[in-house]
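Values below: all heavy atoms of this structure, side chains included; hydrogens, waters and symmetry mates excluded. Throughout, protein chains are lettered first and strands after them, A, B, ... in sequence-line order, and every chain is numbered starting at 1.
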Amino acid sequence: MSAQVSTERPVGRIARSTVPQDTVTLARWLLGLVLIGKVHGVQVSGRIVETEAYLQHEPACHGFRGMTPRNRSLFLEHGRAYVYLCYGTSYMLNVSSEAAGIGSGVLLRALEPLTGIEQMRRGRTHVRPADVTRGPGRLAAAFHIDRRDDGRDLFTDSQLWIGRDSYEVADVGVSVRIGITKAVEERLRFFVAGSRFLSGPRSLNAG
DNA sequence: TCGCGGATGAACT
DNA sequence: GTTCATCCGCGAG
């Protein structure tokens, strides 16, 4: 099958009032939207093609044991960035997903690069262009996302935000989540079916 | 394409 | 001291 590749289209702001306030709904709704960032003053962007939902009531979720200094952004109202360092090497970008006080969120796992590809690859020229935003750690590295971005409002921020263009997702795929050790059976990973820019083993990206 | 092992650092128990 | 939602390079098939 031929993977559809999106072309450049004008990206606009999304009214906060239209952002879903339910974790699984938000995880699916984010697919096809565009993440915009800035690297050394240059705008970079990519289409969201893969997300995972993390619900506070399950042990795989960072909010499971309640609020701590690290995860407090997860408990803000929906649409805030929760950024943390994983394995000492990779930052993860999440979107808080429920009302204030509830520690659920959506992990952004992969983007299809749209603009600023060479900027994203700066200093990582050994990474193939198609791989530069494949995987949550590489996505954050490409956008230079770190703990300073923690807490940003991703629908009103000027440096790091989520917008929308005319692209519409045809088919959404569902699978188990990747890389976790708890609640491994939950099917809470969502992706743009057929995208060439997904992370994880091929077997998870079919159907 | 896959599976494996090491690197890595901050938060948490 | 343990945990961890990863990445990279390597070698086998």
Flag the pair A/Asp153 and A/Arg16 as a salt bridge only when some basic side-chain nitrogen lies within less than 4.0 angstrom of an acidic carboxylate oxygen. yes
Rounded to whole Å, CD of A/Glu52 lies from C1' of C/dT6 at a distance of 12 Å
Which of parallel (below 30°), tilted (30 to 60°) and perpendicular (above 60°) describes A/Trp29 and A/Phe155? tilted
Would you mind reading off the distance between A/Phe64 atom CZ and C/dA5 atom C1', rounded to a whole angstrom? 16 Å
Select base, sugar-phosphate, or nothing to describe what A/Ala141 touches, counting heavy atoms under 4.0 Å on all strands. nothing
Upstream residue (5' side of DNA chain C) when A/Leu93 and A/Arg138 are each assigned their closest nucleotide: A/Leu93
Starting from P on C/dC4, measure out to CZ on A/Arg70 and report it in whole angstrom. 10 Å
Looking at every strand, decide which applies to A/Gly137 at a 4.0 Å heavy-atom threshold: base, sugar-phosphate, or nothing. sugar-phosphate
Within 45° of the axis and under 6.0 Å from the centre of the six-membered ring of A/Tyr167, does NZ or CZ of A/Arg47 qualify? yes
Between B/dC2 (C1') and A/Ile178 (CD1): distance, integer Å: 14 Å
Taking the six-membered ring of A/Tyr54 (Phe, Tyr or Trp), confirm whether the NZ or CZ of A/Arg177 is under 6.0 Å from its centre and within 45° of its axis. yes
From C-beta outward on A/Arg65, which listed nucleotide comes closest to its side chain: B/dT13, C/dA5, B/dA11? B/dT13
Roughly, in whole Å, what's the span from OH in A/Tyr82 to P in C/dC4? 13 Å
Give a yes/no answer on whether the side chain of A/Arg147 brings an N or O atom under 4.0 Å of OP1 or OP2 in B/dA10. no
Please tell me which of the listed nucleotides, B/dG9, C/dA5, B/dT8, lies nearest to the side chain of A/Leu85? B/dG9
Counting side-chain heavy atoms from CB outward, which of B/dC12, C/dA5, C/dT6 is closest to A/Tyr54? C/dA5
side-chain N/O A/Arg177 vs C/dA5 OP1/OP2, d < 4.0 Å: no
Taking only side-chain N and O atoms of A/Thr89, does any of them lie within less than 4.0 angstrom of OP1 or OP2 on B/dG9? no
Rounded to whole Å, CG of A/Asn71 lies from P of B/dA10 at a distance of 17 Å
Euclidean distance, atom CG of residue A/Asp131 to atom P of C/dT6 [Å, nearest integer]: 16 Å
So, OP1 or OP2 of C/dT6: does either fall under 4.0 Å of a side-chain N or O from A/Arg109? yes
Can you measure A/Arg128 atom CZ to C/dG9 atom P for me and round it to whole angstrom units? 12 Å
Please give the nucleotide sitting opposite C/dC7 as a Watson-Crick or G-U wobble pair, both distances under 3.5 Å, or none. B/dG6
Answer yes or no: does a side-chain N or O of A/Lys182 lie under 4.0 Å from OP1 or OP2 of C/dA5? no
Between A/Phe64 and A/His57, is the gap from one ring center to the other below 6.0 Å? no
